[in-house]
Student: 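Below you'll find the structure I mean.
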2 protein chains.
Amino acid sequence: MDGPSDHDDFADRLQRHGVTLTHQRLEIAAVLFRTMEHLSADQILARVNARNAQVSKATVYNTLKLFLEKGLLREVIVDPDRVFYDPNVAPHHHLYDVTTGHLTDIPAEAITLARLPQLPDGMVVEGVDIVIRTRPLNPP
Amino acid sequence: MDGPSDHDDFADRLQRHGVTLTHQRLEIAAVLFRTMEHLSADQILARVNARNAQVSKATVYNTLKLFLEKGLLREVIVDPDRVFYDPNVAPHHHLYDVTTGHLTDIPAEAITLARLPQLPDGMVVEGVDIVIRTRPLNPP
DNA sequence: ATGCAATATTAGACATGATCCAAATGCGCG
DNA sequence: CGCGCATTTGGATCATGTCTAATATTGCAT
Ligand SMILES: [Mn+2]
Ligand SMILES: [Mn+2]
Ligand SMILES: [Zn+2]
Ligand SMILES: [Zn+2]
């Protein structure tokens with residue numbers, strides 16, 4: 001499941017993005033890229049320290065910021081209380097289960113916008129975020 | 001500009017939504033509904049106390065929560081650090097200037113999405129939030 | 001009007017996510 | 001080995017937002 005090849009893939013990935021390798025960064029990368037889930041900083045900290053060793057909160061935040069800068073991650077802002085970190089950097093959108101807080105990817109091609117609105121002058125689109133909030137169909 | 005008719009309009013609006021009137025609630029409603037801007041709790045607190053009297057932080061949060069429950073407002077989650085309160089409760093989407101943090105409404109009709117993705121079984125759409133992140137076209 | 005119970009407001013304590021800091025550690029290389 | 005620089009770290013600090021328990025106001029019956 002967790003062979004040396006996985007580990008090397010993560011190492012390559014970090015290096016290709018200009019991130020110098022450290023033990024902690026590899027641990028964090030493993031947590032994020034092995035399951036490709038959307039996780040909060042707290043969840044990442046817990047998982048990293050559950051599997052292996054002691055990585056500090058400060059290092060988790062430092063590393064997430066670094067990974068963001070290097071384009072290894074993106075943020076998803078859907079919950080007012082915490083940021084989710086998304087290991088999928090391909091353009092895509094999200095289903096957000098408001099009861100569980102769980103995020104699911106929607107491929108960009110699965111949604112087509114017709115008639116993008118006209119932008120104010122001199123403004124350019126940096127990105128489009130679509131969140132479809134869902135909940136279980138109410139049982140009485 | 002700020003005649004008694006405005007004030008009465010706000011009062012009517014609150015009462016039609018089942019909100020019992022208080023001086024503080026009317027002040028907060030005036031700040032929100034007079035300019036229809038997207039404001040954070042902090043900004044609302046500052047504006048309320050700039051124009052008139054002393055309304056406490058607790059009351060601002062209490063009132064915003066009440067207005068949300070009563071359908072007078074909605075939240076907009078685009079900034080990891082603070083919630084914006086939106087006095088426009090009609091279905092619509094947003095332009096988000098990432099450099100200034102300023103939000104602008106896009107009428108729901110201005111965007112059409114084709115091919116909504118298929119939802120997991122027993123799940124129903126609660127809402128769709130579209131945020132178009134923009135920035136000034138600026139070569140430094 | 002007066003009294004009374006329910007509702008609303010408030011100051012300040014508290015919770016939480018996230019950032020900052022200054023010290024300690026680790027690493028690459030001469 | 002030892003030096004210089006990047007990285008890590010605990011703990012302090014900050015910012016939004018919530019809670020509490022006391023006070024003030026309101027609506028209403030008498
Ligand atoms: Mn925050
Ligand atoms: Mn918060
Ligand atoms: Zn995603
Ligand atoms: Zn809006």
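Each chain gets a letter, A, B and so on, in the order the sequences are listed, and its residues count up from 1.
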Student: Just how far, in rounded Å, is P of dA18(C) from CG of Leu39(A)?
Tutor: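 Taking CG of Leu39(A) and P of dA18(C), I get 13 Å after rounding.
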Student: Have a look at Ser40(A) and say if it touches a base, only the backbone sugar-phosphate, or nothing, with a 4.0 Å heavy-atom cut-off.
Tutor: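 Result for Ser40(A) = nothing.
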Student: Measuring from the side chain of Thr20(B) (C-beta onward, heavy atoms only), which nucleotide among dC19(D), dA8(C), dT7(D) has the closest atom?
Tutor: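 Between dC19(D), dA8(C), dT7(D), the one nearest the side chain of Thr20(B) would be dA8(C).
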Student: Below the 4.0 Å mark, does dG17(D) have OP1 or OP2 next to a side-chain nitrogen or oxygen of Tyr61(B)?
Tutor: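 Indeed, a polar side-chain atom of Tyr61(B) lies that close.
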Student: Calculate the interatomic distance between Leu45(A) atom CG and dT16(C) atom P; express it in whole Å.
Tutor: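 Between P of dT16(C) and CG of Leu45(A): 15 Å.
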Student: To the nearest Å, give me how far apart NE2 (His23(B)) and C1' (dT7(C)) are.
Tutor: 17 Å
Student: Applying side-chain hydrogen bond (donor to acceptor under 3.5 Å, both in side chains) between Arg25(B) and each of Thr20(B), Asn62(B), Thr63(B), Thr59(B), report the one that passes.
Tutor: Thr20(B)
Student: Rounded to the nearest Å, what distance is computed from the CG atom of residue Asn62(A) to the P atom of nucleotide dA24(C)?
Tutor: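 Taking CG of Asn62(A) and P of dA24(C), I get 18 Å after rounding.
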Student: Using a strict threshold of under 4.0 Å (side-chain N to carboxylate O), is an ion pair present between Asp42(A) and Arg82(A)?
Tutor: no
Student: Leu21(B) or Val83(B): which one's nearest nucleotide on DNA chain D is closer to the 5' end?
Tutor: Val83(B)
Student: When the distance from CD1 of Ile77(B) to P of dG17(C) is rounded to whole Å, what number comes out?
Tutor: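 So the CD1-P distance, Ile77(B) to dG17(C), works out to 15 Å.
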Student: On a plain distance test, is the side chain of Lys57(B) in donor-acceptor contact with the base of dG17(D) below 3.5 Å?
Tutor: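 A donor-acceptor contact between them is present.
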Student: Taking atom P of dT23(D) as reference, at what distance in whole Å does atom CD of Gln54(B) sit?
Tutor: 18 Å
Student: Base, sugar-phosphate or nothing for Thr22(B)? Non-hydrogen atoms, less than 4.0 Å.
Tutor: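 Result for Thr22(B) = sugar-phosphate.
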Student: Given dT9(D), is OP1 or OP2 found less than 4.0 Å from the side-chain N or O atoms of Ser56(A)?
Tutor: yes
Student: Establish, for the pair Arg74(B) and Tyr85(B), whether the NZ or CZ atom is under 6.0 angstrom from the six-membered ring centre and no further than 45 degrees off its axis.
Tutor: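 Checked: cation-pi criterion not met.
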Student: For dG17(D) and Arg82(B) - does any side-chain N or O of the residue sit under 4.0 Å from the phosphate oxygens OP1/OP2?
Tutor: no
Student: So, is Gln24(A) near the phosphate of dT9(D), with a side-chain N or O under 4.0 Å from OP1 or OP2?
Tutor: yes
Student: Mind checking Asp42(B) for me? I need base, sugar-phosphate or nothing, with any heavy atom below 4.0 Å counting as a touch.
Tutor: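 Since only primed, P, OP1 and OP2 atoms lie under 4.0 Å of Asp42(B), the category is sugar-phosphate.
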Student: List the atom of Val128(B), the atom of Ile130(A), and the distance in Å for their closest heavy-atom pair.
Tutor: CG1-CG2, 4.1 Å
Student: Nearest whole Å is fine: how far is dA18(C) C1' from Leu66(A) CG?
Tutor: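 In whole Å, dA18(C) C1' lies 17 Å from Leu66(A) CG.
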Student: Considering only NZ, NE, NH1 and NH2 on the basic side and carboxylate oxygens on the acidic side, decide whether Lys65(A) and Glu75(A) come within less than 4.0 Å.
Tutor: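 Between Glu75(A) and Lys65(A) there is no salt bridge, as every charged N stays at least 4.0 Å from the carboxylate O atoms.
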Student: What integer distance in Å separates Glu69(B):CD from dA8(C):P?
Tutor: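 The distance from CD of Glu69(B) to P of dA8(C) comes to 11 Å, rounded to the nearest Å.
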